[in-house]
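Handing you a structure now.
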Amino acid sequence: MTRNKELWIELVGAALEQLVKDKGLDAGSFAPEQLQTEVPPNPELGDLAFPMFPFAKVFRSAPPAIAEAVVELLPEEHRSAVTTAGGYLNIRFNRAGLVQETLKAVQEQGEAYGSSKAGAGVRVMIEFSCPNTNKPLHLGHLRNDALGESTARILSFAGADVRKVNLINDRGVHICKSMLAYLKFGNGATPESSGLKSDHFVGDYYVRYNQWAAEDPSAEPAAKEMLRAWEQGDPETLELWKLMNKWAIDGIWETYRRTHVSFDAVYYESETYLLGKAEVLKGLASGAFYQDPDNSVWADLSDIDLDKKVLLRSDGTSLYLTQDIGTAITRHNDWPFDRMVYVVASEQIYHFKVLFHVIKKLGHDWAANLHHLSYGMVNLPEGKMKSREGTVVDADKLLDELTELAAGEIREKAREDAVGDVRATAEKIALGALHYYLLQTTPNKDMIFNPEASLAFSGNTGPYLQYTGARISSMLAKAQAQGYRLDAEFDAGELNLDSEWDLVRRIAEFPSLVAAAAENYNPSALTGYLYELAKSFSGYYHDVPVLQAGTEEQRAARIALCVAVRRTLANGLQLIGVPFLESM
RNA sequence: GCGCCCGUAGCUCAGCUGGAUAGAGCGUCGGACUUCGAAUCCGCAGGUCACAGGUUCGAAUCCUGUCGGGCGUACCA
């Protein structure tokens, strides 16, 4: 497909250069780079279009006339593929050749179809999730996780050497709050004794603390006092901290497993929070930063039109920004990356702008390769999620509800026997619905999470894609049962329906879509693509018999097409965290 | 106040580096299961692309301004 495009760009470019000569114009009045291409809005017009409007002025002639003139200048043997319409020059590709080429490529590459070596050797570190250990994951984390995991898979598929990292926020006054409430109200209970998932168990004490603090002014200073004890290494405090952190982290990891999220390295803030201080002092020594009379250390950011920023408090202690400086430098030493992506909500845009600049001021050129993949807030139809009003959507609970609903759907359709393990299948459908819903929206934008819509399994949803895959699978299984091979030779010339060309065209586009998604860190480019692929196939499936095709040759070719659709769909779904299902 | 982001159908969202009649899903209404899975397919209706200027042969897309919404602007994280 790309090769065809390039061939035509060359041909048309040469024709235009010839036209320049014929008209006796300056050679500089046309440069091949000016040539633009697009896809005609209607397939009947062709497969590739060149607008001639930009050249009207140069040639002092109307675009349609230029188009006609260009056709005359094209090599004889290529002219039959060209038509003109308005100011456009439309090209129709040799479809049979492309069909053959595309389906072969899928057949040969299999699970690797769509991958590339474009990013080969590029080391990308991607940080995401970064939970607190005082409460379970909620809907906001789910968007973060989906984005991070998916982006990592896409980058990796595009050839990069990817390292996924998590930074657990396991220290600070908010952690002490749940510990304090546990001491005061826990009576030695454990997750086991109370029958709760361990991170929820911890989270309940955090809620309990806030209730208590609302009535009792002594709660706040007690929490601060506990933090002080923790920082001084008080054994009892540390022991409780370890216990409750383990509960929280174990529970959080259960949710990761459930959502198919994983990490290559995990950093703990309790181990990294002191790292930045030395770097900041180095910066002070080198003159990158300055010190106030009260001993606080500052960065002057007027060179990027920002104010100034504290890097060390007057008592010498670190801040959030300080830690991030240290963590970044440590990570770059641990695993020298070419690029680093931080998947963090858009509220922190300013923070990262400052962080990257400060790292640059410290003399690290790689600061230019740091990227904040910022994503918008997840809101509810009623408005923002508010923990105080209890409207925060809990991740586990949401997954349970989705799973229950999917299981109900399976039972209602009497598919229990066909799917085998109802629970496991329902869980995968739930995950498909959730991830697709979260990745559908452009990362940058805020989104509204409508629980009812996310629970829907029809229309533009994850389960729709899964269903399409399941139907193809079921049909192909039937084909095999009837003795047909899925990797048999076929004659591409048998696939001459417009609907078949439409499918092939989309399949052929897949690799470039993956590459674009990788380049822009944007999984939503794939969700839209996969939906259209599935929709196109659903129409085909409805209208065109495959197993009952008119001839053996036709059947073989159509089976090959279905195999390629399924492969592309499966590879794409993997990238957006939607489990592929043989049966549902 | 200043900075960043967003504003497309009743609702939720697409719309690639500007290009041919602005697209989906949901919802409404109406069709299609003796046929490879109806979690499907097909059709009808629904738009001043927030508003006003500008650049361009051509603007939802780029620039400026206005209005509306979100976020940020801590010796919090």
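Each chain gets a letter, A, B and so on, in the order the sequences are listed, and its residues count up from 1.
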Check whether A/Y529 forms a cation-pi arrangement with A/R506 (NZ or CZ under 6.0 Å from the six-membered ring centre, at most 45° off the ring normal). no

Looking across every strand, which nucleic acid part, if any, lies under 4.0 Å from A/I429 by heavy atom: base, sugar-phosphate, or nothing? base

How far, in whole Å, is B/rG3 from B/rU40 if one measures between their P atoms?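 Pairwise P distance, B/rU40 against B/rG3, rounds to 48 Å.
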
Using heavy-atom distances to pick each residue's nearest nucleotide on RNA chain B, tell me which of A/K384 and A/L45 is more 5'.
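Here A/L45 is the residue nearer the 5' end.
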
**OP:** Tell whether A/S314 reaches the base of B/rC75 with its side chain through a donor-acceptor pair below 3.5 angstrom.
**Re:** yes

* Could you give the distance separating B/rU48 and B/rA38 at their C1' atoms, to the nearest angstrom? =>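 The same atom, C1', in both gives a distance of 40 Å.
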
* To do: Verify the contact: side-chain N or O of A/S538 to OP1 or OP2 of B/rU40, cut-off strictly under 4.0 Å; return yes or no.
  => no

Mind checking if A/E532 touches a base, just sugar-phosphate, or nothing, with heavy atoms under 4.0 Å? nothing

- For A/D292, which contact category applies under a 4.0 Å heavy-atom criterion: base, sugar-phosphate, or nothing?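 Nothing, no heavy atom under 4.0 Å.
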
**Message:** Exactly one of A/F457, A/Y436, A/Y531, A/F537 should register a ring pair (Phe, Tyr, Trp, His ring centres under 6.0 Å) with A/Y464. Which one does?
**Reply:**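 That would be A/Y531; it is the only one of A/F457, A/Y436, A/Y531, A/F537 passing the ring pair (Phe, Tyr, Trp, His ring centres under 6.0 Å) with A/Y464.
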
A/Q348 CD to B/rC4 C1', in whole Å, measures 14 Å

Assigned chi class of B/rC33 under the 90° convention is syn

Between A/H351 and A/T37, the residue closer to the 5' end of RNA chain B by nearest nucleotide is A/T37

Partner lookup for B/rC29, please. Criteria are Watson-Crick or G-U wobble with both distances under 3.5 angstrom; report none if nothing qualifies.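 Paired with B/rG43.
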
Original post:
Can you tell which of A/I175, A/N132, A/N134, A/L180 makes a side-chain contact (heavy atoms from CB on, under 4.5 Å) with A/Y206?
Top reply: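 It is A/N134, the one option of A/I175, A/N132, A/N134, A/L180 that forms the side-chain contact (heavy atoms from CB on, under 4.5 Å) with A/Y206.
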
Here the distance between atom C1' of B/rG69 and atom CD1 of A/I448, to the nearest Å, is 11 Å

With rounding to whole Å, what would you report as the distance between B/rA50 and B/rU61 at their P atoms?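 My reading of the P atoms in B/rA50 and B/rU61 gives 8 Å.
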
| message | Once you apply a heavy-atom cut-off of 4.0 Å, does A/D543 come out as touching a base, just sugar-phosphate, or nothing? | response | nothing

When you look at A/H371 and A/Y521, which way does the ring-ring contact (aromatic ring centres under 6.0 Å, His included) test go after all the steps?
CA-CA 10 Å; A/H371 183 257; A/Y521 308 116; 4.6 Å; yes

Determine the interatomic distance between C1' on B/rC36 and the same-named atom on B/rC41; round to the nearest Å. 14 Å

task: Specify the separation, in whole Å, of atom OH of A/Y531 and atom P of B/rA39.
output: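 Value for this atom pair: 15 Å.
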
Checklist entry - Could you state the CE-P distance from A/M385 to B/rC71, rounded to the nearest angstrom? => result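 After rounding, the reported distance stands at 13 Å.
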
- prompt: So what does A/I410 hit on the nucleic acid, given a heavy-atom distance under 4.0 Å: a base, only sugar-phosphate, or nothing?
  reply: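 Result for A/I410 = base.
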
Under 4.0 angstrom between A/K353 side-chain N/O and B/rG72 OP1 or OP2:
no

Report task. If B/rU61 has a Watson-Crick or G-U wobble mate with both distances under 3.5 Å, name it; if not, just say none. Result ->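 Here B/rU61 is not engaged in any pair, so there is no nucleotide opposite it.
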
Original post:
Once the angle between the rings of A/F55 and A/F30 is folded into 0 to 90°, is it parallel (under 30°), tilted (30 to 60°) or perpendicular (over 60°)?
Top reply: perpendicular

| field | Sugar-phosphate only, base, or nothing, as touched by A/P63 at under 4.0 Å among non-hydrogen atoms | value |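 Nothing, no heavy atom under 4.0 Å.
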
Report yes or no: is the cationic atom of A/R143 (NZ for Lys, CZ for Arg) closer than 6.0 Å to the six-membered ring centre of A/Y375, at no more than 45° off its axis?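 Cation-pi check for A/R143 and A/Y375: fails.
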
- Query: Nearest-Å distance, OH (A/Y436) to P (B/rC13)?
  - Reply: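 Answer to the nearest Å: 14 Å.
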
_What's A/A525 touching, base or sugar-phosphate or nothing? Going by heavy atoms closer than 4.0 Å._
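No contact.
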
I'd like the P distance from B/rG69 over to B/rC62, given in whole Å. 23 Å

_Students often mix this up, so state it plainly: with edges at 30° and 60°, are the rings of A/F449 and A/Y437 parallel, tilted or perpendicular?_
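A/F449 vs A/Y437 ring planes: perpendicular.
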
- Query: Taking atom C1' in both B/rU28 and B/rG10, what distance in whole Å separates the two?
  - Reply: 10 Å

So, OP1 or OP2 of B/rU73: does either fall under 4.0 Å of a side-chain N or O from A/K309? no

Students often get this wrong, so: under 4.0 angstrom with heavy atoms, is A/S583 touching a base, only sugar-phosphate, or nothing?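 Result for A/S583 = base.
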
For B/rA50, the nucleotide meeting Watson-Crick or G-U wobble distances (both under 3.5 Å) is B/rU66

To the nearest angstrom, the CD-C1' distance between A/Q36 and B/rA59 comes to 14 Å

Taken to the nearest whole Å, OH/A/Y350 to C1'/B/rC4 is 12 Å

Classify A/S458 by what it touches in the nucleic acid, base, sugar-phosphate, or nothing, heavy-atom distance under 4.0 Å.
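Sugar-phosphate contact only - A/S458 comes under 4.0 Å of backbone atoms but never of a base.
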
Distance, P atom - from B/rC76 to B/rG18, rounded to whole angstrom: 45 Å

Q.
Does A/K413 reach a base, just sugar-phosphate, or nothing at all? Heavy atoms under 4.0 Å.
A. base

Scan A/A456 against the nucleic acid and name what it touches under 4.0 Å (heavy atoms): base, sugar-phosphate only, or nothing.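 Touches nothing.
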
pair_partner(B/rC71), Watson-Crick or wobble, both distances < 3.5 Å, evaluates to B/rG3

Check the phosphate of B/rC57 against A/K57, side-chain N and O only, distance under 4.0 Å to OP1 or OP2. Yes or no?
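Looking at the OP1 and OP2 atoms of B/rC57, one of them is under 4.0 Å from a side-chain N or O of A/K57.
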
* To do: Please state whether the phosphate of B/rU40, meaning OP1 or OP2, lies under 4.0 angstrom from any side-chain nitrogen or oxygen of A/Y464.
  =>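 Checking A/Y464 against B/rU40: no side-chain N or O falls below 4.0 Å of OP1 or OP2.
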
Rounded C1' spacing from B/rU35 to B/rC26 in Å: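 Roughly 30 Å separates the two C1' atoms.
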
note: A/L35, atom CG; B/rU17, atom P; distance rounded to Å ~ 18 Å

Practice task
Quick one: label A/P54 by what it contacts on the DNA or RNA (base, sugar-phosphate, nothing), any heavy atom closer than 4.0 Å.
Solution key: base

Review point. Under 4.0 angstrom, heavy atoms only, what part of the nucleic acid is A/P463 near: base, sugar-phosphate, or nothing?
Key: nothing

| said: What's A/E38 touching, base or sugar-phosphate or nothing? Going by heavy atoms closer than 4.0 Å. | reply: base

